[in-house]
Structures are given as structure tokens and as C-alpha cells.
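Contents: one structure, followed by commentary.
The figures here come from the full heavy-atom set of this structure, side chains too, leaving out hydrogens, waters and symmetry mates.
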Amino acid sequence: MTNKTVREISDAWKIEKRPYVKQSTFAAYMLILENHINPFFGEGYELREEQVQVFVLKKLNAGLSAKTIKDILIVLKMVMKFGVKNEWINYHEWDIKYPTVQSNKEIEVLTIKNHKRILNFIHDNFTFKNLGIYVCLSTGLRIGEICALKWSDIDINTGTITVKRTIERIYIIEEEKKYTQLVINTPKTQNSFREIPMCKELISIIKPLKKIVNEEFYILTNENEATEPRTYRNYYKKLMEKLDIPPLKFHSLRHSFATRCIESNCDYKTVSVILGHSNISTTLNLYVHPNMEQKKKCINKMLKSLGK
């Protein structure tokens with residue numbers, strides 16, 4: 001066995017991994033290696049549980065979320081397994097502990113009143129950029145998906161929008177060179193490739209436009225060039241200020257759409273598919289939080305079925 005440092009193993013792992021993952025995924029791996037893994041573990045020859053546990057607590061104290069840290073550990077474990085396979089490092093099992101979280105942070109959503117206000121404003125004040133916000137509030141598309149949406153992705157005959165690409169700016173590290181690049185890619189996961197039905201109001205807005213637009217243009221610009229998410233976030237922020245609506249992240253439009261679906265008693269699996277979640281548990285964990293009244297109804301319904 002020839003021992004190598006974690007940094008040396010990660011350098012070899014990068015070369016091995018690059019051809020098999022999306023450019024954006026590879027860029028994310030590089031950031032994790034540079035900012036987190038190599039500064040802490042890089043010069044070591046082992047990855048023992050006690051070291052990893054110290055690392056986790058340090059990152060939690062620095063303000064990183066448990067989810068972010070778990071994503072870092074996924075990369076660290078891939079690097080270790082690659083090193084073990086090549087007999088450069090010994091394998092060690094980890095059982096990492098995280099402090100108990102007292103309460104889940106509530107997701108931010110628009111009030112029903114403000115949700116309606118935005119839809120009504122856009123209906124009466126049409127611009128292509130405004131249309132994108134209307135689409136997000138009516139379909140739950142992610143910001144990268146809406147920035148990458150073309151007129152050809154909208155089918156008036158079937159009344160559907162097909163999500164098949166996304167736009168994101170990624171941070172690229174190549175040796176000593178570091179830069180950002182805007183990339184148009186396939187959606188986040190296989191489940192993110194999806195077909196979403198449009199509501200009647202959205203169809204009525206888009207139908208006359210489809211007769212005159214260039215099918216290969218992006219809907220937000222109605223041009224051959226796309227808008228990047230950062231620019232569109234700024235536009236959204238200014239529009240919310242203009243409408244005097246409390247500041248919420250752009251992603252809250254997606255949360256608001258999903259929340260309205262759940263409030264309307266939509267089937268959870270259907271909501272999950274519309275959102276493009278990889279599994280229904282993501283939808284349930286994010287949006288389904290039964291209150292006491294719903295719990296009482298559930299128990300009463302169960303007892304009623306028993307004839308009680």
C-alpha cells in the first residue's frame with residue numbers, strides 16, 4: 001500500500017470523476033474541495049471518524065447548515081472510497097452526530113392576498129419579464145428553469161409547458177485559474193424533466209403571443225439571448241418593492257405555488273411530480289405540516305370507519 005495525502009487523492013479523484021458528471025456538478029465538487037475538504041484534511045493520510053466529527057462541529061459553529069455539511073461529507077466519502085480502491089488510504093466507517101434541531105425553519109411564502117396581487121398586476125401590466133413571474137407562480141418552476149424556457153417549450157394545443165433545460169452561473173476552478181461561466185444544462189435531476197399543465201388564465205395570456213413570436217427565443221427576453229438568474233432576481237426584487245410586497249427570495253414563488261396546491265387539498269404525489277422533486281418525501285417534508293384541526297379530523301375519520 002502506497003499512502004497518499006487526502007489532497008493528492010482528491011486531485012486524482014477529480015480527473016477520474018470529471019467525464020461522468022455535469023459541468024455544474026463538477027464545479028460544485030471543486031468548490032467543496034477547495035473551500036472545505038483540502039484546508040482541513042488535505043495534508044492528512046487518514047479520515048477517521050473523530051477527525052470528521054470535529055470538522056462537522058467546526059462547520060456548524062461557523063454557520064453552515066447540517067444539509068450543507070452532509071453534502072460536503074458525501075464528497076469526502078467519495079474521495080476516501082476512491083483512495084481505498086487504489087490502496088492509497090485505509091477505509092474508516094463514520095457515525096457522525098449532529099446537534100438536535102429544536103425547530104424547523106418555516107419556509108417563506110406569499111400570503112394569498114399578495115399572491116393574487118402579483119398575478120393581477122402582471123395580467124394588467126404585461127412584459128416578458130413579468131410573464132416569467134406569472135409562470136413561476138402558476139407552475140412552480142425554479143428560477144434557472146424559467147430563465148432557460150423557450151417559446152418552443154410551450155404547447156398551446158395541449159396546454160402544457162415542458163421543462164427540459166436550466167441556466168446557472170457556475171464557479172470554475174482550473175489549476176490557478178478561477179472564473180465564473182453561465183451554462184445552459186439539463187435540469188437538476190431526471191425528475192426535473194417534466195410536463196406541467198397551464199391554468200386557463202396563463203393560456204389566455206400566452207395564446208396570442210405564440211402566433212407572432214420566434215419559437216427559439218427565450219420567453220423572458222423574447223430574444224436569442226437568455227437572462228441569467230442573478231439578473232432576473234434583481235428584477236423580481238425591484239418589482240416587489242414597487243408593489244410594496246414584503247421582500248421574499250425568488251424561490252419563495254415556487255414555495256408559494258406548492259403551498260397553495262397543498263392548501264387546496266391537491267394530491268401530494270401530483271404536487272411532487274409538478275415540482276420535479278426526486279421523491280415525494282421532499283414535498284412532504286417541505287410543505288405538509290398538519291395543524292391540530294387536521295389531526296383531530298384524521299382521528300375522528302379513523303374512528304368513524306370503525307363505527308365508533
Side-chain angles (χ1 to χ4, degrees), residues 106-163 167 194-213 217-223 226-267 270-276 283 286-289:
E106 281 196 23
I107 58 169
E108 294 184 316
V109 298
L110 293 163
T111 62
I112 293 174
K113 181 183 174 185
N114 285 337
H115 198 138
K116 285 179 182 174
R117 272 187 67 207
I118 298 170
L119 291 176
N120 290 337
F121 175 83
I122 293 170
H123 192 275
D124 298 335
N125 299 270
F126 177 84
T127 66
F128 292 111
K129 283 190 172 71
N130 284 354
L131 174 62
I133 291 168
Y134 199 105
V135 171
C136 287
L137 279 173
S138 307
T139 62
L141 260 64
R142 301 176 178 96
I143 190 166
E145 294 168 342
I146 196 69
C147 288
L149 197 66
K150 293 184 176 184
W151 292 109
S152 57
D153 300 323
I154 301 174
D155 189 329
I156 289 296
N157 294 325
T158 58
T160 57
I161 292 174
T162 302
V163 180
I167 288 180
R194 61 202 190 278
E195 202 173 39
I196 305 172
M198 295 184 287
C199 61
K200 286 186 289 185
E201 291 78 10
L202 184 55
I203 291 173
S204 70
I205 295 171
I206 290 177
K207 193 171 184 178
L209 296 170
K210 281 283 284 182
K211 295 174 183 175
I212 54 173
V213 294
F217 282 4
Y218 293 94
I219 72 160
L220 290 188
T221 57
N222 198 35
E223 293 175 358
T227 293
E228 71 169 286
R230 181 174 55 186
T231 306
Y232 198 44
R233 275 194 196 94
N234 291 336
Y235 175 81
Y236 158 77
K237 187 180 174 184
K238 286 174 185 170
L239 180 62
M240 293 306 102
E241 286 171 0
K242 180 180 176 180
L243 295 177
D244 198 25
I245 288 174
L248 296 177
K249 290 179 181 176
F250 189 96
H251 202 69
S252 295
L253 301 183
R254 177 172 163 84
H255 287 325
S256 300
F257 166 80
T259 301
R260 298 291 101 84
C261 287
I262 298 299
E263 288 170 350
S264 305
N265 295 320
C266 293
D267 168 66
T270 303
V271 177
S272 180
V273 170
I274 291 171
L275 292 171
T283 313
L286 276 172
Y287 304 112
V288 183
H289 307 290

For a side-chain contact (heavy atoms from CB on, under 4.5 Å) check, start with the C-alpha distance between I219 and F128, then their side-chain angles and the critical distance, and finish with the verdict. CA-CA 6 Å; I219 72 160; F128 292 111; 5.8 Å; no
Look at the side chain of R194 and the backbone N and O of V163, then say whether any donor-acceptor pair between them is shorter than 3.5 Å. no
Taking all non-hydrogen atoms of both residues into account, name the closest pair between T227 and I167 and its distance. O-CD1, 4.2 Å
Less than 4.5 Å apart, any side-chain heavy atom of C136 and any of F250? yes
For residues L239 and F121, report the shortest heavy-atom separation together with the two atoms involved. CD1-CE2, 3.6 Å
Any side-chain heavy atom of Y287 sitting closer than 4.5 Å to one from L275? yes
Shortest non-hydrogen contact from I118 to M240? CD1-SD, 3.7 Å
Please check this pair: side chain of D153 against backbone of K150, looking for a donor-acceptor N/O pair closer than 3.5 Å. yes
First locate atom CZ of R233, then atom NZ of K237, and finally report the distance between them rounded to the nearest 0.5 Å. 12.0 Å
Evaluate the side-chain proximity of I205 to H123: yes if any heavy-atom separation is below 4.5 Å, no if none is. yes
Can you tell me which residue pairs pass the salt bridge (charged side-chain N to carboxylate O under 4.0 Å, His left out) test with a partner in residues 245-265, sequence neighbours excluded? R260-E263
On a heavy-atom basis, which atom in P246 and which in N114 lie closest, and how many Å separate them? CD-ND2, 3.8 Å
Would you say L248 and Y236 make side-chain contact, with heavy atoms under 4.5 Å? yes
Taking C-beta and beyond as the side chain, do L220 and L149 meet within less than 4.5 Å on heavy atoms? no
Approximate separation, where rounding is to 0.5 Å, of N125 CG and K242 NZ: 6.0 Å
For residues M198 and I156, determine if any side-chain heavy atom of one lies less than 4.5 Å from a side-chain heavy atom of the other. yes
With the side chain counted from C-beta on, respond yes when I245 and T111 share a heavy-atom pair under 4.5 Å apart, and no when they do not. no
Look up atom CG in L202 and atom CG in L137, then write down how far apart they are to the nearest 0.5 Å. 11.0 Å
Of all heavy-atom pairs linking V213 and K210, the shortest is CG2-CA, 3.9 Å
Assess whether atom CG of D244 is packed by more than 12 heavy atoms of other residues, nucleotides or ligands within 6.0 Å. no
Could you give the distance from CD1 (I107) to OG1 (T259), rounded to the nearest 0.5 Å? 4.0 Å
Taking atom CD1 of I262 and atom OG1 of T283, what is their separation to the nearest 0.5 Å? 7.5 Å
Given side chains that start at C-beta, do those of W151 and N222 come closer than 4.5 Å, heavy atoms only? yes
If every non-hydrogen atom of A226 is compared with every non-hydrogen atom of C147, which pair is closest and at what distance? CB-O, 3.9 Å
Could you please spell out the steps behind the side-chain contact (heavy atoms from CB on, under 4.5 Å) verdict for T139 and I274? CA-CA 7 Å; T139 62; I274 291 171; 5.7 Å; no
side-chain contact (heavy atoms from CB on, under 4.5 Å), that's the test. Do T127 and I122 meet it? Break it down for me. CA-CA 8 Å; T127 66; I122 293 170; over 6 Å; no
Side-chain donor/acceptor of S252 to backbone N/O of E108, under 3.5 Å: yes
Describe, in one word, how the ring planes of Y232 and Y235 are oriented to each other, choosing from parallel (under 30°), tilted (30 to 60°) and perpendicular (over 60°). parallel
Please round to the nearest 0.5 Å and tell me the distance separating atom CD of E195 and atom CG of D155. 8.0 Å
Only counting residues at least two apart or in another chain, list the ones meeting side chain to side chain donor-acceptor pair (under 3.5 Å) with K129. none
